[in-house]
> 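Shown below is the structure under consideration.
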Amino acid sequence: MIVASYYFYSCWDWRFLFLLIFSTLLDYFCAIKIENSQKESIRKLWLWLCIVINLGFLGLFKYYNFFADSFSELANSFGLHSSPIVLKLILPVGISFYTFHGLSYIIDIYYKRIQSERNFVDYSLFVSYFPLLVAGPIERATHLLPQLKIKREFNFEKAKEGIYQIVWGLVKKVVIADSCANYANEVFNHYPTMNSLSLALGAIYFAFQIYGDFSGYSDIALGTSKLFGIDLLKNFNYPYFSRDIAEFWRRWHISLTTWFRDYLYIPLGGSKGSKWFQVRNTFIIFLVSGFWHGASWTYVFWGFINAIYFIPLLLLKRNRKNVDDIALGFDFGSVKTIFNILITFLITCFAWIFFRAKTIHDAFAYIHRMFEDLNFSKQYFSIERYNYDLLPLVLVFIVVEWNNRTKIEPISGKYSWVKLSLSLAALLALGVFSDYKEFIYFQF
């Protein structure tokens, strides 16, 4: 499996395989040094050495040019001429994910939550396991390593569940995400010529593009792992049915959200202390989360907006209110629930504009035109489609997702062969006509 994982990664660019191996060796030996050291100062030295080197490589490849250009722009704004040294480096695919795999392992060793792994092959597979290597979910050693060490036998039922999940992940990616990408790209790339209706739909289409793209990949990764008898962490739990932004972040990219909670938010003090410290910690978490996604101020601002959404819930102690499953009936409470879901979805779409835009200026210009134009007529795109042609497909997807929200697997269950047939039909009928789009999160 480790040979397959290394081959898988080297198919992208074999040279960066050495960076992955170096990171693995670094974490492996530092963990043993931390565990064997008796003095706290020595343990802390090895911990910080490992953290600094790992984040140093991440910063060099992902953030150096961003900081160099930002410093140059700041200096030029004060009349100081600056010519930054820019490095022509390719961002290694998946570096943010496998770096965080290793960091969680090292930190858990330091706090004595687990023992260091002495089998180098097992640890290497934990870091490089190919289904999650390039886009997660971000696994914990406490969850994945024990599964790699035990003898596994082929389980037909688990494998069948895995195939169902792979197929549904492909539907999300190829049918939903790639179809939405055609419309969202058209709108965002030509927003000065778009009317209000097209701009509003463009934000909605991108919301479903990024959800179908990333959760689709996660489904494929989880399904593939089930073929090997391995269970990965669930990464998405129907986030667009959230009733507030706090619930949204408990349902969206769960492995990253819980990683920041356990390894940054809680060490900073979490929700303890004064309200000021809670607000400070919340802003730090969201800003770092935005910055983790990419070296651009648009991602940082996206994190800032989500922090602004979250703070009122924190101050009013309502951030843990909606932790139960969603149930609707014929009463006023259900109407309120639907209203809250719609509001949460709309403000999430608003924040996605900054995530998708090339610059912050473009994002504000996009929003300004959307509220200034006030033209809600149909608009014909250069892709030879009207702006609302995709809506029926999105609405069908929403209905299917709503029906799946209480189920463990999206396709399995009663009449699963019917669901599987419909999914395959959707792939054939719609997927083959969609232009292939690279997975969005490969760039992070």
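Quick caveat: nothing in here was measured; it's all calculated off a predicted structure.
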> In terms of ring plane angle, is the pair Y211 and F236 parallel, tilted or perpendicular, where the classes change at 30° and 60°?
perpendicular
> Which of parallel (below 30°), tilted (30 to 60°) and perpendicular (above 60°) describes F100 and W292?
tilted
> Can you give the donor-acceptor pairs under 3.5 Å from side chains of residues 282-289 to other protein atoms, not counting sequence neighbours?
residue, atom, partner, partner atom, Å
T282, OG1, Q278, O, 2.8

> Quick one, L233 with T258, criterion side chain to side chain contact (heavy atoms under 4.5 Å, CB included). Give me CA distance, side-chain angles, the key distance, then yes/no.
CA-CA 11 Å; L233 295 170; T258 54; 5.9 Å; no
> Does a sphere of radius 6.0 Å around NE2 in H368 hold more than 12 heavy atoms from other residues, nucleotides or ligands, not counting ones at 6.0 Å or beyond?
no
> Donor-acceptor check, side chain of D373 to backbone of S196, threshold 3.5 angstrom: yes or no?
yes
> If you apply the rule side chain to side chain contact (heavy atoms under 4.5 Å, CB included), what do you find for S225 with Y129, and how did you get there?
CA-CA 9 Å; S225 288; Y129 182 49; 2.9 Å; yes
> Between W259 and Y263, is the gap from one ring center to the other below 6.0 Å?
yes
> Count the heavy atoms of every other residue, nucleotide or ligand shown that sit under 6.0 Å from CZ of R385, and state whether that count exceeds 12.
no
> May I ask you to decide if N281's main-chain N or O and Y265's side chain share a donor-acceptor pair within less than 3.5 Å?
no
> How about CZ on F376, more than 12 heavy atoms from neighbouring residues, nucleotides or ligands closer than 6.0 Å, or not?
yes
> Can you find a heavy atom in the side chain of S179 that is under 4.5 Å from one in the side chain of F208?
no
> Kindly write out the residues that satisfy ring-ring contact (aromatic ring centres under 6.0 Å, His included) with W14, not counting sequence neighbours, or none if the list is empty.
none
> Start with the C-alpha gap between F206 and V187, add the side-chain angles, then the distance that decides, and say whether side chain to side chain contact (heavy atoms under 4.5 Å, CB included) holds.
CA-CA 10 Å; F206 178 71; V187 174; over 6 Å; no
> Within the side chain of S218, is there an N or O that forms a donor-acceptor pair under 3.5 Å with the backbone of F214?
yes
> Can you classify the ring geometry of F8 versus F130 as parallel (below 30°), tilted (30 to 60°) or perpendicular (above 60°)?
tilted
> Less than 4.5 Å apart, side chain to side chain, heavy atoms only: is that true for E186 and M194?
yes
> Given the rule in the side-chain hydrogen bond (donor to acceptor under 3.5 Å, both in side chains) test, do N235 and S255 qualify, once you have shown the distances and angles that lead to the verdict?
CA-CA 6 Å; N235 216 16; S255 63; 2.7 Å; yes
> Does any N or O in the side chain of T257 come within less than 3.5 Å of the main-chain N or O of W252, such that one atom is a donor and the other an acceptor?
yes
> When you check the gap from the basic side-chain N to the acidic O, do E247 and R250 get nearer than 4.0 Å?
no
> Which residue pairs satisfy the salt bridge (Lys or Arg N to Asp or Glu O under 4.0 Å) criterion with at least one member in residues 206-224, sequence neighbours excluded?
K172-D219, K173-D213
> Between Y299 and F355, is the ring centroid distance below 6.0 Å?
yes
> So, using side chain to side chain contact (heavy atoms under 4.5 Å, CB included) as the criterion, who are the partners of L422 when residues are at least two apart?
V418
> Could you please spell out the steps behind the side chain to side chain contact (heavy atoms under 4.5 Å, CB included) verdict for L420 and V167?
CA-CA 8 Å; L420 182 61; V167 171; 3.9 Å; yes
> For the side-chain hydrogen bond (donor to acceptor under 3.5 Å, both in side chains) test, which of D362, N185, T298 pairs with R356?
N185
> Surrounding CZ of R318 (heavy atoms of other residues, nucleotides or ligands, distance under 6.0 Å), is the total greater than 12?
no
> Write down the atom of Q379, the atom of N195, and the distance for their closest heavy-atom approach.
OE1-N, 3.1 Å
> What pairs of donor and acceptor atoms, side-chain ones from residues 339-354 against any protein atom, are under 3.5 angstrom apart with sequence neighbours left out?
residue, atom, partner, partner atom, Å
N340, ND2, K336, O, 3.3
T344, OG1, R243, O, 3.2
T344, OG1, D244, N, 3.4
T344, OG1, N340, O, 2.8
T348, OG1, T344, O, 2.6
W352, NE1, Y240, OH, 3.2

> Looking only at heavy atoms, which two atoms of D122 and L145 are closest? And how far apart?
O-CD2, 3.7 Å
> Specify whether Y9 and Y98 have parallel, tilted or perpendicular ring planes, treating 30° as the upper limit for parallel and 60° as the lower limit for perpendicular.
perpendicular
> Check the angle between the aromatic planes of F126 and Y123 and answer parallel, tilted or perpendicular using the 30° and 60° thresholds.
tilted
> With side chains defined as the heavy atoms from C-beta onward, is the minimum distance between S104 and I138 less than 4.5 Å?
no
> Do other residues, nucleotides or ligands put more than 12 heavy atoms under 6.0 Å from F154 CZ?
yes
> Quick one, F57 and F61 - any side-chain contact, counting heavy atoms below 4.5 Å?
yes
> Partners of K158 by salt bridge (charged side-chain N to carboxylate O under 4.0 Å, His left out), sequence neighbours excluded?
D231
